[in-house]
Amino acid sequence: MAAMKHWLMKSEPEEFSIDVLERVGTEPWTGVRNYQARNFMLKDMKVGDPILFYHSNCAVPGVVGIAKVASKPYPDPTQFDPDSDYHDPKSKPEDPRWWMVDVGFERKFDGTVSLEQMKARADEFGDFTLLRRGNRLSVMPVEAAQYKRILSMAKAGGR
DNA sequence: GCCAACGTTGGC
DNA sequence: GCCAACGTTGGC
């Protein structure tokens, strides 16, 4: 059996936060319009894969909890909706350009494992995509060891 | 609000 | 196929 893959997915809390995910339980991850991020969802994600839920573009950016992949990939319906911010007129229903998965709530950390705290321990993470300068990917794979380190930081209150 | 870094687009 | 211009991301 192939090893389970671990992921990190970013969301702006003003758009969609871990608290809203906790309330709704499962959310279609619409709106990804980057091919690399799409390919991770389309080709590499498996139902049940764990996801680090990351708050970006906010006062304290960082990992705030755990989610999981809750569906197989399917076409993002917002690409066909002319009223949606994510509408893509070049995408055809018979050949959808943008794919996504559903994301399910797992748990919320007691505190945020902040980007600042992760940067301070960058040497323990090795080559961590999130910490690469200029990184803008909103969906990225995380090594199992990196995932575990963030969980242990969460347990230790971010320290 | 600023701006560096990046991905995408389109002219050539 | 190159690359300048543009729009977006996201930390600060």
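Order of the sequence lines sets the chain letters (A, B, ...), proteins ahead of strands, with each chain counted from 1. All figures in this text were calculated on a predicted structure; none of them were measured in a lab.
Side-chain contact between A/Tyr54 and A/Ile150 is absent, with no heavy atoms from C-beta onward closer than 4.5 Å.
Heavy-atom minimum distance, A/Trp98 versus A/Val32: CE3-O, 3.6 Å. The two residues A/Leu42 and A/Pro73 make their nearest non-hydrogen contact at O-CG, 3.5 Å.
Rounded to an integer number of Å, the gap from CG of A/Asn34 to C1' of C/dT9 is 10 Å. If you measure from atom CG of A/Asn135 to atom P of B/dA5, you get 13 Å, rounded to the nearest angstrom. Going from atom NE2 of A/His55 over to atom P of C/dT9 covers 17 Å, rounded to whole Å. Following rounding to the nearest Å, A/Met9 (CE) and C/dT9 (P) show an atom-to-atom distance of 15 Å. Atoms CG (A/Leu137) and P (B/dG7) sit 8 Å apart, rounded to a whole Å. Distance, A/Asp85 CG to C/dG7 C1': 15 Å, rounded to whole Å. Rounding to whole angstrom units, CE of residue A/Met140 and P of B/dC6 are separated by 13 Å. One can place OH of A/Tyr35 at 16 Å from C1' of B/dC6, the figure rounded to the nearest angstrom.
Under 4.0 angstrom from either OP1 or OP2 of C/dC12 there lies at least one side-chain N or O belonging to A/Lys119. Distances shorter than 4.0 Å separate some side-chain N or O of A/Tyr54 from OP1 or OP2 on C/dG11. Contact annotation: A/Lys10 side-chain N/O to C/dT9 OP1/OP2 distance is not under 4.0 Å.
Ring geometry, A/Trp29 versus A/Phe16: the interplanar angle exceeds 60°, so the pair is classed perpendicular (tilted spans 30 to 60°).
Positionally, the nearest nucleotide of DNA chain B for A/Asn57 lies more toward the 5' end than for the other of A/Asn57 and A/Arg133. Mapping A/Lys90 and A/Arg136 onto DNA chain B by nearest heavy atom places A/Arg136 closer to the 5' end of the strand.
No engagement by A/Leu131 is indicated, since no non-hydrogen atom pair under 4.0 Å with the nucleic acid exists.
Taken to the nearest 0.5 Å, the CH2 atom of A/Trp7 stands 6.0 Å off from the CZ atom of A/Phe40.
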